[in-house]
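Values reported hereafter were calculated over all heavy atoms of this structure, with side chains retained and with hydrogens, waters and symmetry mates removed. Proteins come first, then strands; the chains are lettered A, B, ... in the order of their sequence lines, and each starts at number 1.
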Number of protein chains: 2
Amino acid sequence: MKSGPNYARLAALIGDPARANMLSALMSGLALTARELAQEAGVQPSTASGHLKALTTAQLIECQKQGRHKYYRIANQETATAIESLQVLSEHNGLLRVRPGPKDPALRKARVCYDHLAGDMGVRLYESMAARDFFKVAADGISLTDVGEWFVHDFGVDVQQCMALRRPLCLACLDWSVRRHHLAGALGAAILKVAFDRDWLRRDTRSRLLRFTTVGEMAFREAFPIMS
Amino acid sequence: MKSGPNYARLAALIGDPARANMLSALMSGLALTARELAQEAGVQPSTASGHLKALTTAQLIECQKQGRHKYYRIANQETATAIESLQVLSEHNGLLRVRPGPKDPALRKARVCYDHLAGDMGVRLYESMAARDFFKVAADGISLTDVGEWFVHDFGVDVQQCMALRRPLCLACLDWSVRRHHLAGALGAAILKVAFDRDWLRRDTRSRLLRFTTVGEMAFREAFPIMS
DNA sequence: TCAATAATTCGGTCAGGAACGAACTATGAA
DNA sequence: TTCATAGTTCGTTCCTGACCGAATTATTGA
């Protein structure tokens, strides 16, 4: 069997551990160089070069040349969505392999996961909203309740616009550093955007690290209190 | 590199052509036997058995024993969503390999694609709605317009409920028999359901074939006219 | 009970592709 | 110019895993 559906080729491409590591790194939303990606994947630059060529040819990532560096990033929303849905799937089926979280406490606290908030603060957001019944948790996923919709609207998110997007609105994404959920999907992205707009936090230019401002952290903790 | 993210293993599983063929067959929503799936994948039963074991272990499919047969089907919505998003991705990046459509004219006309309508009639539905500006077609996907929302509401679809689902509302899925789009996603599923409820069409028990009733076909053609 | 069919297990073969290092090109800095 | 670094190409090695056929274990129907 060598000829299958079109998507099989893409899945195989994503399915190689080295390439998947590269894609995971790029899911931070950052553009990374070939060397950094080789590092991330744990292979030699020559090997990485081949993988990057394959991913670029398949248009899963794209490349921008800048001086003697080549910066790679996820090519489009479809690719990000596909990888996200695979992540969700791998979490859902419970066959998780343990994966060591980041050592850096700052990274454990808050980092970006493609375009939404992950780390302790991401978990706090998710659990705070869940405790207030802003989500309905069904067997096959989560959805926004009416009170939840009011809340995010008050928070400053245009819910209608989020719903109109192609992406699923709510996704519960397992946080690999703490083994608990944070909020992904269009809503997760929108909330992070509001937080950026209000200057609650800023993005590190070289990593997926997010740094809260002093004021921002207080406001965030107030908006998403731990319900006991 | 042998240890990667959790989802890499799943992607690799989906990425093998034989297994992808099986999954595609199961995306019809039907439960199929091991032999049928071997046939579908073009491999010997012994080989298929191994693949099915792997897919079952990974909880991508599940198995129900019935006499001396074993019926397999897609295990859950997450799996279907992941495969759908890979399908969308493979279409989007334009690297389509030509794939021969089904020979059977009845299958070309109307068949089920997991839970929505595919084939000529599926394309008709999509294009009829697109021509009336019921979708907004953006670079990264399609979304329902206000008039579109009114239309599907009048048609009998509970749009709010669809939006509350985890699935993307609208997805344009490339039809491999005619190389044109049909409507997937929660909305596509909901519309097909309405059509079933009205007995416009019925499902063949042994294949992914959909048969329109005489009355149903007329009604469908009226509801989704070809706009010129 | 026996024959037929569904499915699985096992052993052996083989190809694809992932990995590496060495040699090469390109860019920028000293 | 010369050196250092980024990235690629190429040839080689090696291992995983897909595949088949034969034998084995169910289950049904005659």
Side-chain angles (χ1 to χ4, degrees), chain A residues 1-5 8-26 30-58 60-73 95 97 206, chain B residues 1-5 8-26 30-58 60-73 95 97 206:
Chain A
M1 238 309 82
K2 64 172 188 178
S3 91
R9 182 163 207 79
L10 293 178
L13 228 37
I14 299 174
D16 174 75
R19 284 190 296 260
N21 277 326
M22 293 176 171
L23 290 171
S24 289
L26 292 173
L30 291 175
L32 300 173
T33 68
R35 272 193 123 70
E36 289 168 326
L37 289 168
Q39 180 87 17
E40 198 74 36
V43 295
Q44 295 303 313
S46 60
T47 305
S49 178
H51 286 314
L52 290 170
K53 191 177 184 179
L55 290 172
T56 308
T57 306
L60 292 177
I61 61 177
E62 53 187 26
C63 177
Q64 190 178 355
K65 209 173 165 185
Q66 203 167 109
R68 58 179 162 180
H69 292 279
K70 282 190 171 183
Y71 286 93
Y72 291 91
R73 61 175 171 221
L95 297 178
R97 226 86 61 72
R206 297 289 304 159
Chain B
M1 239 307 84
K2 64 173 187 179
S3 91
R9 182 164 207 78
L10 292 178
L13 228 37
I14 299 174
D16 174 75
R19 286 191 294 263
N21 276 326
M22 294 177 170
L23 290 170
S24 289
L26 291 174
L30 291 175
L32 300 173
T33 68
R35 272 194 123 68
E36 289 168 326
L37 289 167
Q39 180 87 19
E40 198 73 36
V43 295
Q44 294 303 313
S46 60
T47 305
S49 179
H51 286 313
L52 290 170
K53 191 175 184 179
L55 290 173
T56 308
T57 306
L60 292 177
I61 61 177
E62 53 188 24
C63 176
Q64 190 178 356
K65 209 174 164 184
Q66 205 168 104
R68 60 179 160 180
H69 291 280
K70 282 190 169 182
Y71 286 92
Y72 291 91
R73 62 177 169 218
L95 297 178
R97 227 85 59 74
R206 297 288 305 159

Mind calculating the distance between [atom1] ([X]) and [atom2] ([N]) to the nearest angstrom?
| X | N | atom1 | atom2 | result |
| --- | --- | --- | --- | --- |
| Leu13(A) | dG17(C) | CG | C1' | 12 Å |
| Arg19(B) | dT16(D) | CZ | P | 16 Å |
| Gln39(A) | dG7(D) | CD | P | 12 Å |
| Asp16(A) | dG16(C) | CG | C1' | 13 Å |
| Leu37(A) | dA6(D) | CG | C1' | 13 Å |
| Lys53(A) | dT8(D) | NZ | C1' | 8 Å |
| Leu55(B) | dT8(C) | CG | C1' | 16 Å |

Open item on the list: What's the angle between the local helix axes at either end of the helix from dT1(C)-dA30(D) to dA30(C)-dT1(D), using five pairs per end and rounding to 10 degrees?
Closed with: 20°
TODO: State which residues pass side-chain contact (heavy atoms from CB on, under 4.5 Å) with Ala34(B); sequence neighbours excluded, sorted by chain then number.
DONE: Leu52(B), Tyr72(B)
TODO: Would you please name every residue forming a side-chain contact (heavy atoms from CB on, under 4.5 Å) with Gln44(B), sequence neighbours left out?
DONE: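 Expected list: Ser46(B), Thr47(B).
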TODO: With sequence neighbours left out, write down each residue that passes side-chain hydrogen bond (donor to acceptor under 3.5 Å, both in side chains) with Glu62(A), or none if nothing qualifies.
DONE: Arg73(A)
- [ ] Produce a footprint string for nucleotides 2-7 of chain C: one letter per nucleotide, 5' end first; B if the base is under 4.0 Å from any protein heavy atom, S if only the sugar-phosphate is, - if neither.
- [x] --BBSS
Task: dG7(D) OP1/OP2 closer than 4.0 Å to side-chain N/O of Lys65(A) - done: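 Negative; the distance criterion is not met.
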